[in-house]
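Everything quoted here is computed from the prediction, not taken from an experiment. Below, each value reflects all heavy atoms present in this structure, side chains not excepted, and no hydrogens, waters or symmetry copies. For this chain, numbers begin at 1 and follow the sequence in order.
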Amino acid sequence: MAAYRQFETLLPNNKTAGAAHRGEDGRFVEDLLRSYLRKYLPQDLEVLTGFILRPAVKTGTGTRTRADHYDGHSTQLDIIIYDTANYPVFQRFSDSVIVPPEGVVAIISVKKTLNDQDIDTEAKVLHNASELCRSDVFADEEKARGPFLALVGTQCSIDKKDPPTPDWIFNKLVSTYARDVRFDDLIGLVSDLSDWSIFKARPEVKLQAKYLYFKHAANERHLGFQFLISGILSVYYDKTRQRRERPGFTAFPNRKASKSLGIIPYQKLR
């Protein structure tokens with residue numbers, strides 16, 4: 001946060017708050033957050049930006065769970081926490097990537113300033129991306145836990161007095177998720193990193209997602225970042241994530257061999 005304030009000081013905007021160049025202002029916030037996360041996450045995890053691509057066909061897995069699906073992809077995502085140690089990447093240019101969903105551990109939307117419309121808009125973006133990452137396993141108890149979802153900013157321009165801001169944000173989330181939704185698709189963190197955090201707790205009561213509000217005290221400026229790290233690691237170390245699921249990385253839809261050449265007998269498989 002101090003580094004961002006220094007950026008504003010070095011490149012001031014003489015008319016409004018923030019830095020002189022709006023586009024660079026936002027990108028600098030993203031770069032700062034990526035740099036912070038890289039310092040503390042396991043080396044298996046990379047902090048990237050780009051798109052999630054879910055192919056309609058998975059080959060070599062003996063399953064036809066996507067037989068009636070179409071290729072699907074997300075909009076551009078600010079930050080993707082991705083397990084590159086165990087999962088491949090479709091395309092990469094520096095830190096910009098297109099990745100299959102199985103290796104996605106967290107998705108973070110980053111705003112320099114949180115505005116009213118960001119709550120609904122970004123919650124929907126994150127929900128759609130989370131749906132792409134749903135496990136193909138049929139049994140619920142064997143499904144891999146979905147990625148951690150977060151919306152964060154360095155400051156907030158939402159100043160609702162009736163109801164107060166945290167209640168207004170929660171009510172906005174309630175209306176956004178009015179349709180049938182899964183726990184993993186619900187946003188896990190909304191935070192003005194300098195001032196407050198709204199965090200989704202793990203469910204204590206079945207089919208109820210509880211949201212908690214934390215006002216950061218003067219000596220608690222770290223809380224928002226702590227919630228980010230905690231959410232990412234909770235997915236990364238979740239026991240359902242230790243059973244690696246082969247990603248939908250290669251696809252040969254309806255492609256038949258030109259000719260069968262015959263067989264060679266063998267005695268044992270391995």
Side-chain angles (χ1 to χ4, degrees), residues 1-2 4-5 7-8 12-13 15-19 22-23 25-30 32-33 36 75-79 106-131 147-205 207-232:
M1 298 302 295
Y4 174 71
R5 302 304 175 207
F7 181 79
E8 285 187 320
N13 188 318
K15 296 181 179 179
T16 64
R22 291 290 186 189
D25 203 15
R27 277 190 287 272
F28 188 69
V29 171
E30 287 183 33
L32 275 176
L33 190 53
Y36 167 83
T75 55
Q76 184 164 10
L77 303 168
D78 296 332
I79 294 180
I107 308 167
I108 306 170
S109 289
V110 184
K111 300 292 179 183
K112 188 257 184 176
T113 302
L114 291 174
N115 295 304
D116 292 21
Q117 66 272 16
D118 292 330
I119 306 303
D120 178 70
T121 301
E122 296 304 316
K124 288 178 179 176
V125 166
L126 292 169
H127 180 275
N128 292 337
S130 180
E131 284 187 324
F148 177 70
L149 309 174
L151 166 61
V152 300
T154 59
Q155 57 193 35
C156 179
S157 68
I158 304 172
D159 189 21
K160 304 291 183 181
K161 301 299 185 184
D162 186 24
T165 297
D167 298 282
W168 184 89
I169 292 173
F170 176 72
N171 291 337
K172 195 70 174 177
L173 291 175
V174 171
S175 64
T176 299
Y177 297 124
R179 67 187 181 90
D180 184 36
V181 67
R182 302 183 187 184
F183 181 85
D184 282 356
D185 296 335
L186 295 170
I187 196 166
L189 173 69
V190 181
S191 179
D192 170 359
L193 293 172
S194 62
D195 194 30
W196 52 263
S197 296
I198 296 172
F199 190 76
K200 179 183 72 175
R202 298 306 298 170
E204 297 175 352
V205 179
L207 303 181
Q208 293 184 10
K210 185 177 182 180
Y211 282 83
L212 305 173
Y213 172 69
F214 296 84
K215 175 68 174 177
H216 304 174
N219 63 341
E220 294 179 326
R221 293 291 175 87
H222 60 282
L223 273 184
F225 296 97
Q226 292 278 86
F227 282 127
L228 265 180
I229 294 293
S230 176
I232 295 168

- Between the main-chain N or O of Q226 and the side-chain N or O of S230, is there a donor-acceptor pair closer than 3.5 Å? no
- Looking only at heavy atoms, which two atoms of D192 and L114 are closest? And how far apart? N-CD1, 4.0 Å
- Message: Under the criterion side-chain hydrogen bond (donor to acceptor under 3.5 Å, both in side chains), I'd like the reasoning laid out for H216 against S194: C-alpha separation, chi angles, the key distance, then a yes or no.
- Response: CA-CA 8 Å; H216 304 174; S194 62; over 6 Å; no
- Do you know which two heavy atoms are closest between L33 and F225, and how far apart they sit? CD1-CE2, 3.9 Å
- Task: Show the numbers, then the answer: is there a side chain to side chain contact (heavy atoms under 4.5 Å, CB included) between V190 and Y211?
- Result: CA-CA 10 Å; V190 181; Y211 282 83; over 6 Å; no
- Taking it one step at a time, do I79 and V110 satisfy side chain to side chain contact (heavy atoms under 4.5 Å, CB included)? CA-CA 8 Å; I79 294 180; V110 184; 3.8 Å; yes
- Query: What's the spacing between F199 CZ and L212 CG if we round to 0.5 Å?
  - Reply: 8.5 Å
- Note on the structure: Between the OH atom in Y213 and the CZ atom in F170, the distance rounded to the nearest 0.5 Å is 14.5 Å
- Passes side chain to side chain contact (heavy atoms under 4.5 Å, CB included), K111 versus V152? Steps please. CA-CA 6 Å; K111 300 292 179 183; V152 300; over 6 Å; no
- Task: Give the minimum heavy-atom separation between A123 and L173, together with the two atoms involved.
- Result: CB-CD2, 4.1 Å
- Message: Just so I know, are the side chains of P163 and N171 near enough to count as touching, which here means a heavy-atom distance under 4.5 Å?
- Response: yes
- Message: Nearest 0.5 Å, please: how far is CG in D118 from OG1 in T113?
- Response: 9.0 Å
- Task: Give a yes or no on whether the backbone of L126 and the side-chain of S130 come within a donor-acceptor separation of less than 3.5 Å.
- Result: no
- When rounded to the nearest 0.5 angstrom, what is the spacing between CD1 in I108 and CG in D78? 9.5 Å
- Note on the structure: Heavy atoms of S197 and G224 approach each other most closely as OG-CA, 3.5 Å
- Message: Please check this pair: side chain of S191 against backbone of G153, looking for a donor-acceptor N/O pair closer than 3.5 Å.
- Response: no
- Query: Step by step, would you call I187 with Y177 a side chain to side chain contact (heavy atoms under 4.5 Å, CB included)?
  - Reply: CA-CA 10 Å; I187 196 166; Y177 297 124; 3.5 Å; yes
- Message: To check you understand the geometry: which heavy-atom pair defines the closest contact between K200 and F183, and what is its length?
- Response: NZ-O, 2.8 Å
- First locate atom CD1 of I169, then atom CG of D120, and finally report the distance between them rounded to the nearest 0.5 Å. 12.5 Å
- Query: Is it the case that more than 12 heavy atoms not belonging to E204 sit under 6.0 Å from its CD atom?
  - Reply: no
- State the NZ-CG distance between K160 and D116, to the nearest 0.5 angstrom. 4.0 Å
